Each structure stands twice: as C-alpha cells, then as structure tokens.
Amino acid sequence: MPALGSKRANLLVEVPPERVRVKDSDGRSPRVGDVVHLDQGFTSADGRPMVLAYFQDESGDILYEVEIYESEIGPDLPIAES
C-alpha cells in the first residue's frame, strides 16, 4: 500500500469531474461522505486554498484522486493505528 498523507477528511460535496482522476478500472468516482487522505495543499487559479487528496479501498489501492477546495471537506479525521 502506498504511503499517503497522515490526515484524512470527509468529502462534503460532489466533486466536478474535471477535478477527478479515476485510478481504478471499475471507474469508482467520489461520493459525498467518502473519507479521503489529504496530501499536498496548493492555491487554485482564483486564489482559493485547495488540497490534492486520494481515496483508498480496503486493500490499500488508490481508486481516485481529487483536487478539492478546503471548503469541500470536513474536519480532519484521525488515522487508525495498525
């Protein structure tokens, strides 16, 4: 399983398709409530804060990555200790 960011958050909105990159052959798309791993923050072209985030399945495979505005995610969630 790839090492992902140590912070997670829930998606609060449907993410527009132009900000989604599907990685899995089944075409799993983001859904409201998905818990995503937060990676790198950056500033959008319009000056708003955004985050690159990834969604993993139970086996650790990355199913999609999204570029999301910070306002589109809930508060950070703890990472489960293994």
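Note that the structure is predicted; figures quoted are calculated from it, not measured.
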Give me the atom names and distance for the closest heavy-atom approach of [X] to [Y].
X	Y	answer
Val51	Phe42	C-CE2, 3.8 Å
Gly74	Ala9	O-CB, 3.4 Å
Leu11	Tyr64	CD1-OH, 3.7 Å
Phe55	Val35	CD1-O, 3.4 Å

Listed partners of [X] passing side-chain contact (heavy atoms from CB on, under 4.5 Å), at least two apart:
X	result
Pro16	Glu18, Arg19
Arg21	Leu52, Glu65, Glu67
Glu14	Val32
Thr43	none

Determine, step by step, whether Arg28 and Asp34 satisfy the salt bridge (Lys or Arg N to Asp or Glu O under 4.0 Å) criterion, reporting the C-alpha distance in whole Å, the side-chain angles of both residues, the deciding distance to 0.1 Å, and the verdict.
CA-CA 11 Å; Arg28 170 70 160 77; Asp34 280 355; 3.0 Å; yes
Using the test side-chain hydrogen bond (donor to acceptor under 3.5 Å, both in side chains), find all partners of Ser44 that sit at least two apart in sequence or belong to another chain.
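Only Asp46 meet the side-chain hydrogen bond (donor to acceptor under 3.5 Å, both in side chains) criterion with Ser44.
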Could I get the full list of side-chain hydrogen bond (donor to acceptor under 3.5 Å, both in side chains) partners for Asp57, not counting sequence neighbours?
Ser59
Lys7 and Ile73: side chain to side chain contact (heavy atoms under 4.5 Å, CB included), yes or no, with the steps?
CA-CA 12 Å; Lys7 292 186 177 186; Ile73 55 176; over 6 Å; no
Are side-chain heavy atoms of [X] and [Y] found at a separation under 4.5 Å?
X	Y	result
Lys23	Leu63	no
Leu38	Glu70	no
Ile68	Val15	yes
Tyr54	Val36	no

Taking only residues two or more places apart in sequence, or in another chain, which ones meet Arg31 in a salt bridge (charged side-chain N to carboxylate O under 4.0 Å, His left out)?
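Expected list: none.
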Side-chain cluster (under 4.5 Å, hydrophobic types only) that Leu12 belongs to, other residues
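Under the 4.5 Å side-chain rule, Leu12 groups with Val13.
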Please answer whether the main-chain N or O of Gly33 pairs with a side-chain N or O of Asn10 as donor and acceptor at a distance below 3.5 Å.
yes
